[in-house]
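Values below: every heavy atom of this structure, side chains too, minus hydrogens, waters and symmetry copies. Throughout, protein chains are lettered first and strands after them, A, B, ... in sequence-line order, and every chain is numbered starting at 1. None of these values were measured; they are calculated from a predicted model.
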Amino acid sequence: MKLLDKTYDPSQFEKDVYNRSIAWFYPTNSANGFYTVLMPPPNVTGSLHMGHALTYTIQDILIRYNRQNGLSALWQPGMDHAGIATQMVVSRELEKEGIDVNSLTREELIERILEWKEQSGGKIFDQQKALGCSAPWSLSRFTMDKQFCEAVNEAFVALYEDNLIFRAKRLVNWDTKLQTAISDLEIQNKEEEGILWYIKYNIVDSSGEFITVATTRPETMFGDAAVAVHPDDDRYKNFVGKQVIIPYTNRKIPVIADDYVDRNKGSGCLKITPAHDFNDFIIGQRHNLEMITVLDVVGHMVPEYVPEFLKCIYLKKARNLLVRKLKEDELLVKEEKILHSVPYGDRSGTVIEPRLTDQWFIETSSLAELAIKAVEEGQIKFYPAKWENTYFDWMRNIEPWCISRQIVWGHRIPAWYGPNGEVFVEKNEDDAALAAAKCGFSVEQLYRETDVLDTWFSSALWPFVTLGWPEQTEKLAKYYPTSVLVTGFDIIFFWVARMIMMSQYFMKEIPFKNVYIHALVRDEKGQKMSKSKGNVIDPLGIMNEFGADALRFTLAFLSVPGRDVKFGKEQVKISRNFITKIWNAARFLQFKEIPFGIKLSNTKITSKLGNWVIAKLKKLVRDIEQNIRDYRFDYATRNIQFFLRDIFCDFFIETIKFQDDGEILAIAGGVFSDFLRITNPFLPFVTDHLAKVLGICDSFVLANDGVVGDITTSEEDEKEVDKFVELVHEVRSEKQANGESDEYTLLCEKLKAWPGELKNVIGIVV
RNA sequence: GGUUGCAUAGCUCAGUUGGUAGAGCACCGCGUUCACAUCGCGGUUGUCACAGGUUCGAGUCCUGUUGCAACCACCA
């Protein structure tokens with residue numbers, strides 16, 4: 001037998017252990033049931049960060065545990081094309097190379113992205129493997145692979161034909177840097193200091209009177225369609241029905257009354273800019289006002305509505321110029337510093353401008369209704385349950401989902417337009433041509449929609465498309481619905497909610513039974529990790545320094561539900577030390593030439609110590625089972641530590657030094673073998689390595705059969721040894737406090753007189 | 001403005017149905033006897049944020065207050 005190295009050095013064996021077991025990560029055919037986890041697909045551009053490490057560790061524990069217990073376990077891996085994020089990254093790379101992205105055609109840019117994906121995409125797979133993720137890698141799916149694209153089209157057309165997808169001119173969040181619409185969720189509001197400008201609008205009559213409007217975005221005034229006042233506001237009542245003139249233009253707009261206006265805000269007069277403000281849009285519709293767009297796609301002032309000196313100028317610059325001019329002309333009544341929140345695009349970091357554009361939307365209200373019901377009725381359960389509130393809150397106030405993006409990297413919307421704007425939504429070009437022909441158009445007259453779908457549209461289909469949908473595959477029948485979705489709270493809306501809606505629609509069944517929401521990983525001070533703060537801890541560095549098992553154990557240990565994970569190196573060190581403890585226990589047993597892996601199930605256990613340690617092991621098994629079922633990985637790791645340290649090492653192994661008959665040695669070997677097996681989902685590398693070196697088995701990946709089995713232990717013996725252990729502590733304590741006092745001698749006598757074999761281990765006291 | 005959390009030892013946190021406050025780190029003392037100094041043995045450490053209430057009994061349940069955090073909404 002090969003002897004274990006004196007020191008625990010994970011770098012010596014982790015790779016080998018992984019490669020040895022990689023073939024067993026596939027779902028088995030013969031099974032007592034199915035267990036499925038969808039691996040949230042990382043971005044193609046992604047590399048492993050601590051948040052990934054946490055979520056994958058948890059999922060891997062679940063998968064390994066259930067696979068080990070005889071279920072056919074599928075951990076569905078894959079990658080997400082991550083439309084905007086990826087296109088941004090690649091554009092930046094191209095710019096570094098001196099290539100002007102805007103000079104590339106759509107096809108050229110897509111080709112560049114694909115090239116880029118080939119060289120650097122999938123890097124994260126290797127990192128996941130280093131962490132020990134036991135996924136069947138060859139079953140990986142990509143949201144842009146051929147079959148996935150077909151499924152996306154299929155889904156799109158079905159929703160369209162059911163009138164759940166519609167195209168409309170609506171106000172959307174416009175990102176002037178990326179030049180695309182984005183959804184509400186992709187916006188981050190930031191509290192900022194700004195200026196509220198009070199501007200004079202002269203009344204159109206000879207009175208010389210004026211009305212004052214207040215705005216933080218004065219440049220939008222050229223898109224104003226009215227000024228609104230409260231119907232009961234005595235200050236302005238007389239102006240209702242009159243007209244005002246927008247400065248520097250000859251455009252006249254009416255003063256209207258609308259009770260949306262808050263008399264105490266600003267000047268009490270509200271400029272209405274329907275094409276550049278969400279509330280104004282609604283008021284505009286109510287009063288049938290003109291919708292005037294004054295900003296183009298990049299945020300330049302549109303020439304036809306603005307005065308000469310602002311034409312085609314970027315909005316921020318235009319704002320400054322305009323304010324200066326207003327000041328000069330004494331049209332500015334006052335400037336007021338205010339604190340207000342400003343919407344930023346979460347990807348681009350630029351200020352989001354509401355703009356009126358043609359976009360595609362999903363009408364979500366009916367879908368949401370079913371999705372709410374599924375959680376209300378308990379078909380889907382959130383862990384911790386408090387997230388259900390968050391889910392309900394969003395779902396009950398859901399708005400149509402803008403799914404079109406004006407970028408090139410993504411699923412191109414399967415819609416074709418006829419010469420007069422006729423719309424043909426079909427799965428493919430041939431069908432579109434056919435449909436067009438019926439209306440009397442030729443193929444040449446059609447042009448295809450250039451917009452692509454929001455990345456989250458395809459992500460929403462992930463639970464069933466990865467399993468083969470729209471084909472009714474065997475895989476789908478077996479592994480859908482999935483068992484649990486493990487993810488962070490930050491994507492409950494983006495992903496979880498939408499998967500539920502889409503799955504119910506297309507599969508007529510929920511996508512997963514449980515949703516386990518884990519914490520966010522922060523640094524040890526509780527700060528969010530971010531590149532700009534420079535407090536990012538790289539999981540790869542941690543794994544190199546302490547081993548993957550130590551990282552996994554730490555993350556599981558720290559994942560207390562409802563509390564953020566404060567991650568520090570110190571904790572990893574503690575985990576590493578604990579694993580070293582396991583290692584040294586193994587070394588000791590090896591040194592004692594203990595037999596491992598002997599079936600104890602049929603043996604009669606006669607010793608009290610044997611009964612005791614086996615009872616404790618069985619408790620460990622039960623505790624781990626319960627805690628995994630409850631997603632209490634923090635408890636489970638504590639159970640493991642307690643057993644190994646307090647039970648196995650501190651007491652049981654010590655007794656072997658004084659009492660080493662064949663039975664107790666066999667029990668030691670058996671218990672330790674089972675301990676390794678049970679902890680394999682948490683510590684796959686070191687446990688499998690020890691299994692191999694100690695000659696227990698090649699790997700615990702598929703080992704569902706314990707050595708100890710169902711031995712019934714004597715509860716009496718267990719309690720008696722517990723008492724004995726307690727006495728040992730008392731004796732040691734007394735000696736420490738008062739030396740070899742009378743009390744100490746008395747306690748020692750008590751130990752020596754203990755009935756049965758326990759008295760033999762008296763040496764343990766000192 | 002709305003919602004949801006959190007507040008326990010110097011630090012990081014457990015404390016599952018109410019029943020003598022726990023762990024790890026840190027700290028102090030002892031220790032290299034057949035694994036382990038990446039260690040062992042022993043020890044010290046608390047107005048359980050504050051104020052009320054329910055109860056025989058509250059860290060735990062209820063109400064309020066304060067502080068912190070996150071999310072959503074609004075933003076003239």
To the side chain of [X], which of [options] is closest?
{"X": "A:F588", "options": "B:C34, B:A70, B:C74", "answer": "B:C34"}
{"X": "A:A585", "options": "B:A35, B:A14, B:A76", "answer": "B:A35"}
{"X": "A:R563", "options": "B:A76, B:C71, B:A7", "answer": "B:A7"}
{"X": "A:N584", "options": "B:G5, B:A76, B:C36", "answer": "B:C36"}
{"X": "A:Y635", "options": "B:G24, B:C41, B:A14", "answer": "B:A14"}
{"X": "A:Q736", "options": "B:G42, B:C36, B:A14", "answer": "B:G42"}
{"X": "A:R632", "options": "B:G24, B:A76, B:G15", "answer": "B:G15"}
{"X": "A:F493", "options": "B:C72, B:A70, B:C36", "answer": "B:C72"}
{"X": "A:I338", "options": "B:A76, B:A14, B:C74", "answer": "B:A76"}
{"X": "A:K566", "options": "B:G24, B:C36, B:U12", "answer": "B:U12"}

Donor-acceptor pair under 3.5 Å, [X] side chain vs [N] base:
{"X": "A:K581", "N": "B:C36", "result": "yes"}
{"X": "A:E336", "N": "B:A76", "result": "no"}
{"X": "A:S733", "N": "B:C41", "result": "no"}

message: Rounded at 0.5 Å granularity, tell me how far CZ in A:R645 sits from CZ in A:R638.
response: 13.0 Å
Pick the [atom1] atom in [N] and in [M], then give their distance to the nearest Å.
{"N": "B:G43", "M": "B:U38", "atom1": "C1'", "result": "23 Å"}
{"N": "B:C27", "M": "B:C11", "atom1": "C1'", "result": "12 Å"}
{"N": "B:C25", "M": "B:A69", "atom1": "C1'", "result": "25 Å"}
{"N": "B:A9", "M": "B:G15", "atom1": "P", "result": "15 Å"}
{"N": "B:C13", "M": "B:A26", "atom1": "C1'", "result": "14 Å"}

Side-chain H-bond candidate by donor/acceptor type, [X] with [Y], under 3.5 Å:
{"X": "A:N514", "Y": "A:Y631", "answer": "yes"}
{"X": "A:T687", "Y": "A:T679", "answer": "no"}
{"X": "A:E186", "Y": "A:S183", "answer": "yes"}

Could you state the atom-to-atom distance from [atom1] of [X] to [atom2] of [N] in whole Å?
{"X": "A:K657", "N": "B:C34", "atom1": "NZ", "atom2": "P", "value": "9 Å"}
{"X": "A:F578", "N": "B:A37", "atom1": "CZ", "atom2": "C1'", "value": "18 Å"}
{"X": "A:R638", "N": "B:A14", "atom1": "CZ", "atom2": "C1'", "value": "6 Å"}
{"X": "A:F489", "N": "B:G5", "atom1": "CZ", "atom2": "P", "value": "14 Å"}

- prompt: Between A:R576 and A:H729, which has a closest nucleotide on RNA chain B that is more 5'?
  reply: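 Its nucleotide being nearer the 5' end, the pick is A:R576.
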task: Let me know, please, whether A:F591 or A:G266 comes out on the 5' side of the other along RNA chain B by nearest nucleotide.
output: A:F591
Within the structure shown, what part of the strands sits under 4.0 Å from [X] by heavy-atom distance: base, sugar-phosphate, or nothing?
{"X": "A:D277", "answer": "sugar-phosphate"}
{"X": "A:L196", "answer": "sugar-phosphate"}
{"X": "A:D634", "answer": "nothing"}
{"X": "A:S267", "answer": "nothing"}
{"X": "A:R587", "answer": "sugar-phosphate"}
{"X": "A:Y260", "answer": "base"}

query: Does A:F13 have A:K692 sitting over its ring (NZ/CZ under 6.0 Å from centre, angle to axis within 45°)?
result: no
task: Could you label the plane-to-plane angle of the A:Y391 and A:F382 rings as parallel, tilted or perpendicular, counting under 30° as parallel and over 60° as perpendicular?
output: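 Ring orientation of A:Y391 relative to A:F382: tilted.
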- prompt: Quick one: does A:L558's side chain get under 4.5 Å of A:V521's, heavy atoms only?
  reply: no
- prompt: Is the centre of the A:W583 ring less than 6.0 Å from the centre of the A:H689 ring?
  reply: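 Ring centres of A:H689 and A:W583 closer than 6.0 Å.
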- request: Check RNA chain B for consecutive Watson-Crick or G-U pairs with both distances under 3.5 Å and list the runs of at least three as stems.
  value: B:1-7 with B:66-72, B:10-13 with B:22-25, B:27-31 with B:39-43, B:49-53 with B:61-65
message: Name the residue from A:D630, A:L485, A:I58, A:T487 that meets the side-chain contact (heavy atoms from CB on, under 4.5 Å) definition with A:Y516.
response: A:I58
